[in-house]
Amino acid sequence: MENIAQKQQKVITRFAPSPTGFLHIGGARTGLFNYLFAKQNGGIMILRIEDTDRERSKKEYENSIFEGLSWLGIKYDEFYYRQSERTALYQRHIEKMIEKGTAYISKEDGRDGKRSEVIRFKNPKTKISFEDIIRGKIEFDVSELGDFVIAKDIESPLYHLAVVVDDFEMGVTHIIRGEDGISNTPRQILIQEAIGAPRPRYAHIPLILAPDRSKLSKRHGAVSLLEFRDKGFVAPAIVNFLALLGWHPKDESEILSMSDLIAQFSLPDVQKGGAVFNMDKLRWINREYLERMSEVVFSEHAERFMPEDIKNAEGYSLKTLNKLRPLLLERISTFGDIRELAERGELLYFFSQPLYEKETLFWKGEGNPDSVREILRALSGMLDKIPPEEFGEEYIKQKIFPFAEEKGKGSVLWPMRVALSGLPKSPDPFTLAAFFGKDETLRRLAVAEKKL
RNA sequence: GGCCCCAUCGUCUAACGGCUAGGACAGCGCCCUUUCACGGCGUAAAUCGGGGUUCGAUUCCCCGUGGGGUCACCA
């Protein structure tokens, strides 16, 4: 066990969420910044669960913190604490403060009606100023804070007391937290001075805002971190995006891995103003990561988001899914988009014969059944001559294009494409034919012919 | 309202006090193209206002305006 003096030699940050709601996007970024700063300085990050409010703290919220951090790859150096398990420690400090006269028992009715006294801090009514790493000097006159309550009773510490005692006992050197913590700082510095704790360095990071610049909340859609996972965003993209909210590397690169971030992150350069959460940019970043994914990993993810009716289709297999990957990549930004594609009916035809009206086969309504049938028959004839092993996109195109140019590209390529997809919009007919292979392509062409 | 923080394109942001204020996302246009998507090229778009300091302010100072945070026996 290290003592405090040894600990002080290295950077110790802490991420201290309270489990009174699901870990949200803002909390995740605070955790990330603490992690990045600790790692780049060879230090450690402590995870501390601030559950002094027994009423509002919930196990499932606590779990969302662990699960969220681990999903993002934010590791907390094996320490973690729950404040609810440390009451004896707080009690010792409270007693010492009362003894020294920096706190006192105040006879008054408790708000819960069960108590007749609370513990108040004896306000020295001075001026407090501190140097914020991001914002520079911040000054407060603490007299207006009054003798604030630090504990409901000797065994029930409140937030400020618990925070200061823990940061002290854990040897925290740097407190990186949201901008909303600025106004808590003077109170906490006061308590530090009362218990003889050294003052850590502070860095208050800007808040994440909704598009209307108000505080981001549930009514603005997804804010819970794990919700993003469930919508098919990938963790490195979230990390990348979060890091770019309030910070930017020296060069103009936008795609940065966790280790890039550890190397390049700079706390003093973090932006001071609040940052609006931009879903479009997140989606763009996520897509960049999807493109960089290996085939195996991509398919694993894609499979999880594939609706049952698609997975049950006769032609569905891991092999066809892998073949579909490039086509999918052109159309999705998150894996959740797969569901939307499926809902719009733009997925099932890859795995089973589509149903469609024969009118869909007519190019801009100008074709008549006889001429379209003739074209389809001619196409089948040409495709039939291609050896199955040569049935690739380029080869097919080469064979068909002269004919299409002679008859009019739309009049040939549109019905061919519809015969394969059944839809007014889809990938081009060469891509589709190559995807389906010779047999299935000829089969679908025959089905279309019969329809006419 | 008191106290505190903040202010560059619509959004995220770059710019030792010194180039035509740069990039990305979104937008728009063109190209590619049978359609959709992808892609390529291009384009529009910002220093909140007013005073200082300075040879010169996006940058430093003051005032105003606007936005945000916080004012619990919540954290």
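Each chain gets a letter, A, B and so on, in the order the sequences are listed, and its residues count up from 1. The structure presented is a predicted model; accordingly, all values stated were derived computationally and were not measured. Only heavy atoms go into these numbers, but all of them, side chains included; no hydrogens, no water, no symmetry mates.
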Distance check, [atom1] atoms only: [N] and [M], in whole angstrom units.
{"N": "B/G23", "M": "B/C4", "atom1": "P", "value": "39 Å"}
{"N": "B/C61", "M": "B/G2", "atom1": "P", "value": "24 Å"}
{"N": "B/G49", "M": "B/U8", "atom1": "P", "value": "11 Å"}
{"N": "B/G52", "M": "B/A45", "atom1": "C1'", "value": "31 Å"}
{"N": "B/C30", "M": "B/U65", "atom1": "P", "value": "47 Å"}
{"N": "B/G42", "M": "B/C25", "atom1": "P", "value": "14 Å"}
{"N": "B/G18", "M": "B/C32", "atom1": "C1'", "value": "44 Å"}
{"N": "B/C60", "M": "B/C5", "atom1": "P", "value": "15 Å"}

Find the partner of [N]: check Watson-Crick (N1-N3 plus N6-O4 or O6-N4) and G-U wobble (N1-O2, O6-N3) distances, both under 3.5 Å, and reply none if neither fits.
{"N": "B/C36", "answer": "none"}
{"N": "B/C55", "answer": "B/G18"}
{"N": "B/C25", "answer": "B/G10"}
{"N": "B/A72", "answer": "none"}

Taking every non-hydrogen atom, the tightest pair across A/S183 and A/F140: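 Heavy-atom minimum between the residues: CA-CZ, 4.2 Å.
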Side chain of A/R135 - closest among B/G39, B/G2, B/C6: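 Side chain of A/R135 sits closest to B/C6.
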Whether A/T52 side chain and A/Q83 backbone form a donor-acceptor pair below 3.5 Å: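 Answer holds: no.
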Check: A/S156 side chain, A/K152 main-chain N or O, donor-acceptor pair, under 3.5 Å: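 A pair under 3.5 Å: no.
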Would you mind reporting whether [Y] and [X] have side-chain heavy atoms less than 4.5 Å apart?
{"X": "A/R187", "Y": "A/V164", "answer": "no"}
{"X": "A/F430", "Y": "A/I400", "answer": "yes"}
{"X": "A/D153", "Y": "A/I119", "answer": "no"}

First of A/S426 and A/G136 reached from the 5' end of RNA chain B, by closest nucleotide: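 Result of the comparison: A/G136.
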Atom [atom1] of [X] and atom [atom2] of [N]: how far apart are they, to the nearest Å?
{"X": "A/F130", "N": "B/C5", "atom1": "CZ", "atom2": "P", "answer": "8 Å"}
{"X": "A/E139", "N": "B/G2", "atom1": "CD", "atom2": "C1'", "answer": "17 Å"}
{"X": "A/R287", "N": "B/A37", "atom1": "CZ", "atom2": "P", "answer": "12 Å"}
{"X": "A/L361", "N": "B/U35", "atom1": "CG", "atom2": "C1'", "answer": "14 Å"}
{"X": "A/I338", "N": "B/A37", "atom1": "CD1", "atom2": "C1'", "answer": "15 Å"}

Value rounded to 0.5 Å, distance of CG in A/L347 from OG in A/S352: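 Reported value, rounded in 0.5 Å steps: 10.5 Å.
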Describe the nucleic acid contact of [X] in one word from base, sugar-phosphate, nothing, applying a heavy-atom distance below 4.0 Å.
{"X": "A/F140", "answer": "sugar-phosphate"}
{"X": "A/D141", "answer": "nothing"}
{"X": "A/L327", "answer": "nothing"}
{"X": "A/R177", "answer": "nothing"}

Per-nucleotide protein contact string for [range] (B base, S sugar-phosphate only, - none; heavy atom under 4.0 Å):
{"range": "nucleotides 11-25 of chain B", "value": "BBSS-------BBBB"}
{"range": "nucleotides 69-75 of chain B", "value": "SS--BBB"}
{"range": "nucleotides 61-66 of chain B", "value": "------"}

Worked check of ring pair (Phe, Tyr, Trp, His ring centres under 6.0 Å) between A/F265 and A/F33: CA-CA 9 Å; A/F265 182 69; A/F33 282 14; 4.9 Å; yes
Steps toward ring pair (Phe, Tyr, Trp, His ring centres under 6.0 Å) verdict (A/F351, A/F436): CA-CA 9 Å; A/F351 308 106; A/F436 290 124; 8.9 Å; no
A/D166 and A/Y90: CA distance, side-chain angles, deciding distance, side chain to side chain donor-acceptor pair (under 3.5 Å) verdict: CA-CA 9 Å; A/D166 278 340; A/Y90 307 127; 2.6 Å; yes
Output field: ring centroids A/F15/A/Y35 closer than 6.0 Å: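 So the answer is no for these two rings.
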Ring centers of A/Y289, A/F233 separated by less than 6.0 Å: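 No; A/F233 has its ring centre 6.0 Å or more from that of A/Y289.
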Ring pair (Phe, Tyr, Trp, His ring centres under 6.0 Å) between A/F435 and A/F350, worked out: CA-CA 8 Å; A/F435 173 85; A/F350 286 109; 5.3 Å; yes
N/O donor-acceptor pair, side chain A/R331 with base B/C36, under 3.5 angstrom: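 Yes, the side chain and the base share a sub-3.5 Å donor-acceptor pair.
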